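Note that ligands are numbered from 1 as they come in the structure, with each ligand's atoms numbered from 1 the same way. These figures come from a predicted structure and were not determined experimentally.
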Amino acid sequence: MTILLAVGDCFAAFLLGPVLAELRARGVAFRVVAGAPEREVASLRAQLGNDATVHVVADEGAADRFASEVLTGSLACVAHLGAGVLTRRLTLLARQRNVRVVGLDGGVRAFGRPAGLALASTGCVAGELERLALAEHDVPAHEVAVVGDLVAKALAALPLPSQAPPKGLATLLEHATAADPLLLEMLERGGWPQRAALPEHAGVAAWIARAAAAEVVLTDSIAWQRVAVALGVPCVVTPAAGLWAPGVAAGLVTQMEPNLGAVLRVVARAARAGRGPGPVANESAARIVDVLQGVPKATAFPLPSEGDATGRTFGNDEAALVAMVLQRGTLNSTRGTMVTTFEKRFASWVGSQHAIACASGSAAVHCAIAALQLRPGDEVVTTPITDMGALTPILYEGGVPVFADVDPVTLNVTADTVRAQLTDRTRAIVVTHLFGNPCDLDGLQALANERGLVLIEDAAQAFGATWRGRKVGTVGRIGTFSLQQGKHITTGEGGIVVTDDADVARRVFLYVNKAWGYGDKKPDHYFPALNYRLTELQGAVALGQLPKLADVVAARRTVAATLQQALAGVEGLVLPRDPAHGTHSWWKFAFHVDRRLVPGGPRALATKLQAAGIACAPHYIQKPAFQCELFRDWRTSPVTWLPLQHNPRRERAAAMFDPAHYQGALGGLDSVVVLPINERYTQAHCDYVANAIRAAVGALRHG
Ligand SMILES: *Cc1c(COP(=O)(O)O)cnc(C)c1O
């Protein structure tokens with residue numbers, strides 16, 4: 001069975017992420033049709049830079065305003081990508097108003113220097129092509145507008161011209177007349193000939209044919225809802241999508257939550273209760289349930305997921321504590337007791353003098369960096385293989401992040417790789433205990449002592465890991481943790497900073513609280529800082545979670561030991577282990593695949609595992625942090641640009657990221673496969689995963 005995913009615009013596309021993961025986990029094959037499904041508004045904004053205004057059309061009022069703004073005034077040209085419903089409508093309207101229409105795919109060179117330019121796309125307008133087009137025509141970024149399907153709705157109310165149809169439309173007509181009532185309607189109203197095929201858009205027709213062959217169409221696009229209904233294929237719609245009313249009435253369009261498990265439950269409940277839009281709808285809902293529920297049994301063994309209750313440890317304790325907060329009615333921590341109690345208990349659990357809770361793991365790192373009181377352009381040596389939330393704080397505090405290479409097996413920095421990056425401007429070392437595996441803290445602390453540097457341990461992934469008997473996070477001057485959904489314990493979002501240094505603790509406390517001196521005789525805002533507080537609701541959950549942490553770590557260690565044993569001797573794999581002087585706390589089980597012994601390497605292996613419902617990640621974060629867009633051009637943001645102004649590296653910023661210096665990071669990422677594990681894995685789950693890995697390696701080696 002294949003499911004077709006049709007993604008109309010970038011705003012809704014990100015919602016499909018969890019659905020994709022869920023489908024992969026269940027081994028369901030799927031195809032995606034979209035302009036650029038994985039790109040989101042945030043990345044669009046990042047690419048356009050800070051001074052760009054991006055119009056987000058989130059409701060019909062906005063769509064109306066947008067249409068009248070964009071298609072009047074000094075607009076010289078509408079450049080479009082693809083041939084989705086929006087593009088069709090907008091180009092029609094533009095033509096009617098004598099605005100030039102150019103297809104960006106291939107048509108880029110056809111126009112001069114327009115005074116204004118609207119990019120209309122049902123996909124996302126963030127691709128390389130668009131950037132090139134903009135640069136080539138010297139178009140100021142603030143004149144770029146992004147539009148979604150809702151605009152099409154607004155435009156649909158307007159009269160259509162009677163002239164020759166634009167290119168893309170003609171092709172659609174050729175192949176899709178029977179499938180798309182919208183097209184039929186346009187055809188009628190425009191008085192256009194039905195068959196004027198243009199081969200370059202034949203791809204759209206192929207997708208319509210695939211939709212016809214699919215069991216279910218899963219989409220956020222109104223246009224694809226129409227197509228599905230015309231084809232008689234059941235259609236499931238994400239919450240961000242507008243529902244096409246006739247489709248709902250026909251019982252072929254069903255709304256869902258962005259999580260397939262939840263969808264199944266909602267749809268099944270509706271089907272059983274006999275509620276919903278009508279009898280036909282229930283029939284089709286039941287059909288979707290049949291189709292989707294049949295799959296996991298056939299192909300996969302459902303594994304506990306950290307994304308929901310199956311892989312987490314919530315219970316009555318958390319619920320009761322949250323209820324208590326609501327009964328008291330004090331939801332903020334400055335007047336409450338949950339967060340402060342959690343801080344005390346966490347300090348005692350980890351073995352530090354002070355613990356200060358905050359809004360996220362990123363905020364925790366930010367607090368730690370802020371406590372250093374860097375001078376502009378000071379350097380902080382850190383790892384390129386970590387969460388971005390551990391890196392941007394350095395920039396925000398005026399520091400220049402300098403990346404040390406990592407060990408190709410552990411992917412952790414070492415004293416040697418850090419030493420190679422030290423200069424007289426280095427002030428601190430921030431290490432990440434990746435996947436829960438402690439870095440060599442002996443070497444790193446000795447280096448920090450020798451050079452008078454502050455060692456910060458980012459232990460977001462390493463709750464309960466130890467180094468020579470001490471919990472990590474307490475060896476360096478400052479330790480940070482994250483309470484984000486996927487970490488050992490969680491409050492959804494959240495973080496905590498630990499230290500034995502009273503001055504650091506004071507500075508961090510202030511940093512979480514807009515630097516307002518609560519409790520001081522003459523309090524003031526002492527320096528610039530944000531509100532990074534955790535709420536009492538989160539504090540309550542944290543208090544409920546903390547007593548479970550020891551068991552969580554123990555359970556994860558058992559899972560890892562079971563996998564190590566079951567996979568011992570599989571040729572071509574390098575398995576993770578405890579370090580010589582410490583214990584791993586197994587946030588993930590990351591192993592390496594030798595592509596000389598296992599043809600296709602990590603990617604081929606991961607594809608097979610994903611088909612077996614094991615949501616693993618080949619290459620972990622895909623690329624070292626310094627290859628992210630953020631570091632491509634330091635001038636695009638004052639946050640990256642200003643620290644560099646105070647550092648001699650500004651003359652050769654690109655040289656900081658020479659791949660020749662990062663052989664460990666690049667090589668390590670190239671061979672690693674990261675297996676998700678959690679405390680709810682049983683022996684049966686471990687057996688299933690280990691057998692799937694053995695089978696996949698065997699198939700790749702001998703098949
Ligand atoms: C998760 C994580 C962070 C960021 O934590 P958030 O709570 O997501 O902001 C920072 N560093 C590392 C190593 C992490 O794994």
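For H366 and Y511, the gap between ring centers is short of 6.0 Å. For F403 and F626, the distance between ring centers is under 6.0 angstrom. Taking the six-membered ring for Trp and the full ring otherwise, F591 and F435 have centroids separated by 6.0 Å or more. Ring centroids of F657 and Y662 are separated by 6.0 Å or more, keeping the two rings apart.
At least one heavy atom of D458 sits under 4.0 Å from some atom of ligand 1.
Under 4.0 Å from ligand 1, heavy atoms of S360 appear from its side chain as well as its backbone.
Within ligand 1, the atoms closer than 4.0 Å to a non-hydrogen atom of S482 are 1 (C), 5 (O), 6 (P), 7 (O), numbered from 1 in the order shown. Every atom of ligand 1 with a heavy atom of Q484 under 4.0 Å away is listed here by number and element: 7 (O), 8 (O). Of all atoms in ligand 1, listed by their number and element, those nearer than 4.0 Å to a heavy atom of A460 are 2 (C), 11 (N), 12 (C), 13 (C), 14 (C), 15 (O). Proximity to S362 (heavy-atom distance under 4.0 Å) selects the following atoms of ligand 1: 4 (C), 5 (O), 6 (P), 9 (O). For ligand 1, the atoms closer than 4.0 angstrom to any heavy atom of T386 are 13 (C).
An N or O contact shorter than 3.5 Å is missing between T432 and ligand 1 by distance. Residue L483 places no N or O, backbone or side chain, under 3.5 Å from any N or O of ligand 1. Checking only distances, K487 does come within under 3.5 Å of ligand 1, N or O to N or O. Checked by distance only, ligand 1 and D387 stay at 3.5 Å or farther apart across all their nitrogen or oxygen atoms. In terms of polar-atom proximity, Q461 is counted as a contact of ligand 1, with an N or O under 3.5 Å from an N or O of the ligand.
For the atom pair D317 CG and L543 CG, the distance stands at 10.5 Å (nearest 0.5 Å). Taken to the nearest 0.5 Å, the CG atom of L675 stands 9.5 Å off from the NZ atom of K588.
Exactly one residue among I429, V430, V431 makes a side-chain contact (heavy atoms from CB on, under 4.5 Å) with E457. That residue is V431.
Nearest to atom 6 (P) of ligand 1 among the protein's heavy atoms is G361 N, 3.4 Å.
Taking the side chain as every heavy atom from C-beta outward, H581 and L441 never approach each other to under 4.5 Å.
The existence of a salt bridge linking R506 and D503 is excluded, since no basic side-chain nitrogen approaches an acidic carboxylate oxygen closer than 4.0 Å.
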